[in-house]
Enquirer: 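Okay, handing you the structure first.
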Amino acid sequence: MRDFTPQQVYERDYILNIIKENFQKYGFEPIETPAIEKLSILTEKYGDEGDKLIYKIINSGDFLKNTDIEDFNDKNKLLKKISEKALRYDLTVPLARYIAMNQDKHPFPFKRYQIQNVWRADRPQKGRFREFCQCDVDIIGTNSILSEVELITMATEILNQLKIKNFKIKINHRKLLKAFSEYINQKDKATLLSITLDKVDKIGLDNVLAELKKNNISDNQINKLKEVLQYKGTNEEILLFLKNKFQNINYALEGLEDIQKLLTYLKFSGVNLNYIKVDPTIARGLAYYTGTVFEIIVENSNIGSIGGGGRYDEMASVFGLKNSYGIGFAFGLDRIWSILKNENLIPRKQTNSTQILITLFDEENMPLLLKLSKEIRKLDINTELYPAPIQIKKQLSYANKRNIPFIVILGKDEITKNKFILKNMKNGEQHFIPIDRIENILNFTSKSKISSY
RNA sequence: GUGACCGUAGCUCAGCUGGUAGAGUAUUCGGUUGUGGUCCGAAUUGUCGCGGGUUCGAGUCCCGUCGGUCACCCCA
């Protein structure tokens, strides 16, 4: 739970604007959905771990009204009786619900983006918040590999514009993960396998294998896995190697072909393939993925991924939309912000804040000052009036704290001369400007506009 | 959901082995009448996160809870 100061909002807006511009450039349209969803919409979409992290909202009024003592012996049963609403956990599931409910309102494929907060009942830690902002883009209604191509191309474009170096987009395919379990004759342990493999990056291959051993995977099977996972090579080499290993597993070959095509098209789409890394261990925990999955990381940042996504071809069908294809990914605004801060990549604020503060001596002069402020704004200069006739030193001090580069003084002395004073707060210089030649202000302000920050 | 540490004035923090709170900074006022950012002087500031317990007495000990930081788990 965080507040954002004006400076922080500026910094976040800088990122949001780049993201939004690119979303629009690729033809995505915005939607918004409510923060609160029905709890039943959200459950069982993110896996067991995910379900635990959903913020449940207790029913209003007498929330115990339908419960009896026995319900307290079964927490899940109790939960259903006292909570029917929840805060959204991501933007993908609400999108699926939205699509199912608004099928008639959009042509398909439907390309939408959605930038809103989501909530997770997590323990906060580095790069992780209970309330955070996701910038989500999805394409609903086609299973064309071009969707993958477009999303990844756009992601690299955005990261380039944000000047983030060292990012990698790791790509995998759920079908490949599944193939691992078949490859070692442990089909029923597919989930365990994918969750464990996902940790290779974090705890290393040896620890992963040790963990599998604890879960009753035999030495023989582990060695078989090790041989595959140890393999290092270029994207092409990895694909070839896996093709060889999985030659008898049809769906694995499909997955490999998807990735192969994706790489080919990315090249034509102008993406520098150094950013792309095929990684058979990337799993992603969310339960709804069915095809390609990807994760965007920044090397040496120790902040986890800054974005991730994948294909989820069945999800909207849960909400009644048949043959629904879907793919998308989300950028984590807060994590990108954190990285840009660390790397000093956020440009300094130029000048969209106040340029001139008009000081006030006497309420009698208000009409004149209001008129003056309007005339100055006509020159496209951000101007404000100090709202109360307090001591001028206080008004100057206020301008100082606000970093306002100029003040105008127009009191009775000046009025008799038909001039006002324009004072440069940086060097203290003062200039008299005739009231009927307001545009002369520009002689002094335009130069310092940029250097004032 | 698990573990560790933390939560004292607006901010950063001090407060030893229990005896009802202090510094720096910020704020406000002043250093004479209409000129800030420096300097000097003065003043204000807190239900010590919240709830309960132990004790004659708790910021200080115990329990719970909420919030923060970090590591798991998982994820943006």
Side-chain angles (χ1 to χ4, degrees), chain A residues 1-3 5 15 19 45-54 75 88-92 114-137 155 191 194-196 198-199 201-203 207 211 282-289 293-298 301-310 328-339 357 359-362 365 386 389-416 420-430:
Chain A
M1 282 178 248
R2 296 163 295 165
D3 294 320
T5 61
I15 299 168
I19 290 177
K45 310 295 187 303
Y46 308 108
D48 292 344
E49 288 300 322
D51 279 357
K52 283 184 202 159
L53 298 181
I54 297 172
K75 282 180 187 164
R88 64 173 167 239
Y89 176 93
D90 74 351
L91 299 176
T92 308
Q114 186 173 357
I115 298 174
Q116 291 190 280
N117 283 351
V118 302
W119 292 266
R120 296 190 186 169
D122 205 357
R123 292 277 180 104
Q125 58 182 281
K126 206 169 204 60
R128 169 178 274 192
F129 309 92
R130 292 199 170 105
E131 178 182 30
F132 62 97
C133 180
Q134 283 194 330
C135 312
D136 193 282
V137 256
T191 314
S194 64
I195 288 173
T196 317
D198 199 38
K199 297 185 208 165
D201 250 15
K202 218 170 188 177
I203 62 177
N207 290 322
E211 200 171 320
I282 293 292
R284 307 200 38 80
L286 304 183
Y288 49 65
Y289 291 123
V293 290
F294 42 90
E295 193 158 286
I296 306 168
I297 58 132
V298 176
S301 73
N302 83 328
I303 206 164
S305 61
I306 57 168
F329 79 94
F331 277 121
L333 172 64
D334 301 85
R335 287 184 173 181
I336 291 177
W337 183 34
S338 155
I339 284 181
L357 177 77
T359 55
L360 174 65
F361 285 100
D362 192 333
N365 296 334
Y386 196 87
I390 59 169
Q391 290 178 62
I392 187 154
K393 60 194 302 187
K394 303 238 164 88
Q395 300 188 42
L396 289 182
S397 171
Y398 174 78
N400 216 37
K401 283 173 195 152
R402 287 272 310 276
N403 247 315
I404 297 173
F406 291 93
I407 59 146
V408 161
I409 296 174
L410 180 51
K412 56 176 184 289
D413 294 357
E414 289 75 22
I415 289 173
T416 56
F420 61 85
I421 294 172
L422 180 72
K423 174 168 175 147
N424 181 327
M425 292 296 282
K426 221 171 176 190
N427 56 22
E429 279 176 21
Q430 300 195 161

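Chain identifiers are assigned alphabetically (A, B, ...) following the order of the sequence lines, protein sequences preceding nucleic acid strands; residue numbering begins at 1 within each chain. In this text, all values refer to a predicted model and were calculated from it rather than measured experimentally.
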Enquirer: For RNA chain B, produce a single dot-bracket line, 5' to 3'. Pairs: Watson-Crick or G-U wobble, both distances under 3.5 Å. Symbols: ( ) within strand, [ ] crossing, | other strand, . unpaired.
Expert: (((((((..((((........)))).(((((.......))))).....(((((.......))))))))))))....
Enquirer: Rounding to an integer number of Å, can you tell me how far A:I303 CD1 sits from B:A71 C1'?
Expert: 16 Å
Enquirer: If I take atom CG in residue A:D3 and atom P in nucleotide B:G67, what distance separates them, rounded to the nearest angstrom?
Expert: 15 Å
Enquirer: Considering only the C1' atoms, how many Å lie between B:C11 and B:U45, rounded to the nearest integer?
Expert: 13 Å
Enquirer: With a 3.5 Å distance limit and no angle check, can you tell me whether A:E131 reaches the backbone of A:R2 through a side-chain donor-acceptor pair?
Expert: no
Enquirer: Detail all sub-3.5 Å separations between protein N/O atoms and N/O atoms belonging to nucleotides 2-6 of chain B.
Expert:
from : atom 1 : to     : atom 2 : distance (Å)
B:G3 : O6     : A:R123 : NH1    : 3.0

Enquirer: Which whole-number value in Å describes the distance from A:F294 CZ to B:A76 C1'?
Expert: 14 Å
Enquirer: When the distance from CG of A:L410 to C1' of B:G34 is rounded to whole Å, what number comes out?
Expert: 13 Å
Enquirer: How close or far is atom C1' of B:A76 from atom CZ of A:F329, stated in whole angstroms?
Expert: 12 Å
Enquirer: Please give the distance between the P atoms of B:G7 and B:A76 as a whole number of Å.
Expert: 33 Å
Enquirer: Kindly indicate whether the side chain of A:I409, heavy atoms from C-beta on, has any atom under 4.5 Å from the side chain of A:F361.
Expert: yes
Enquirer: Take atom C1' in B:C39 and the same atom in B:G49, then report the distance between them in whole Å.
Expert: 39 Å
Enquirer: Using atom P of each nucleotide, how far apart are B:U69 and B:G46 to the nearest Å?
Expert: 28 Å
Enquirer: Which nucleotide wins on minimum distance to the side chain of A:L53, given the candidates B:A76, B:C74, B:C70?
Expert: B:C74
Enquirer: So, the side chain of A:R130 versus the backbone of A:A121: is there a donor-acceptor pair under 3.5 Å, distance only?
Expert: no
Enquirer: Salt bridge or not between A:D362 and A:K412? Use side-chain N to carboxylate O under 4.0 Å.
Expert: no
Enquirer: Quick one: what's the B/S/- string for nucleotides 35-45 of chain B, heavy-atom cutoff under 4.0 Å, read 5' to 3'?
Expert: BBB--------
Enquirer: May I have the distance from A:Y386 (atom OH) to B:G34 (atom C1'), rounded to whole angstrom?
Expert: 15 Å
Enquirer: Looking only at the side chain of A:K126 (C-beta and beyond, no hydrogens), which of the listed nucleotides B:C74, B:C70, B:A76 gets closest?
Expert: B:C70
Enquirer: Parallel, tilted or perpendicular, judged at 30° and 60°: which one describes the rings of A:Y89 and A:Y46?
Expert: tilted
Enquirer: Base, sugar-phosphate, or nothing for A:G304, non-hydrogen atoms under 4.0 angstrom?
Expert: nothing
Enquirer: Does A:Q395 have a side-chain nitrogen or oxygen under 4.0 Å from the phosphate oxygens OP1 or OP2 of B:G34?
Expert: no
Enquirer: Is the closest side-chain heavy-atom distance between A:S305 and A:I296 below 4.5 Å?
Expert: no
Enquirer: Considering only atom P, compute the distance from B:G68 to B:G30 and round it to an integer number of Å.
Expert: 41 Å
Enquirer: Contact class for A:K401 (heavy atom, under 4.0 Å): base, sugar-phosphate, or nothing?
Expert: sugar-phosphate
Enquirer: Enter the distance from A:R335:CZ to A:F132:CZ here, rounded to the nearest 0.5 Å.
Expert: 7.5 Å
Enquirer: Would one find a side-chain N or O of A:Q125 under 4.0 angstrom from OP1 or OP2 of B:A71?
Expert: yes
Enquirer: Whole Å only: how far is the CD atom of A:E131 from the P atom of B:G68?
Expert: 11 Å
Enquirer: With P as the reference atom in both, quote the distance from B:A21 to B:C48 in angstrom, rounded to an integer.
Expert: 11 Å
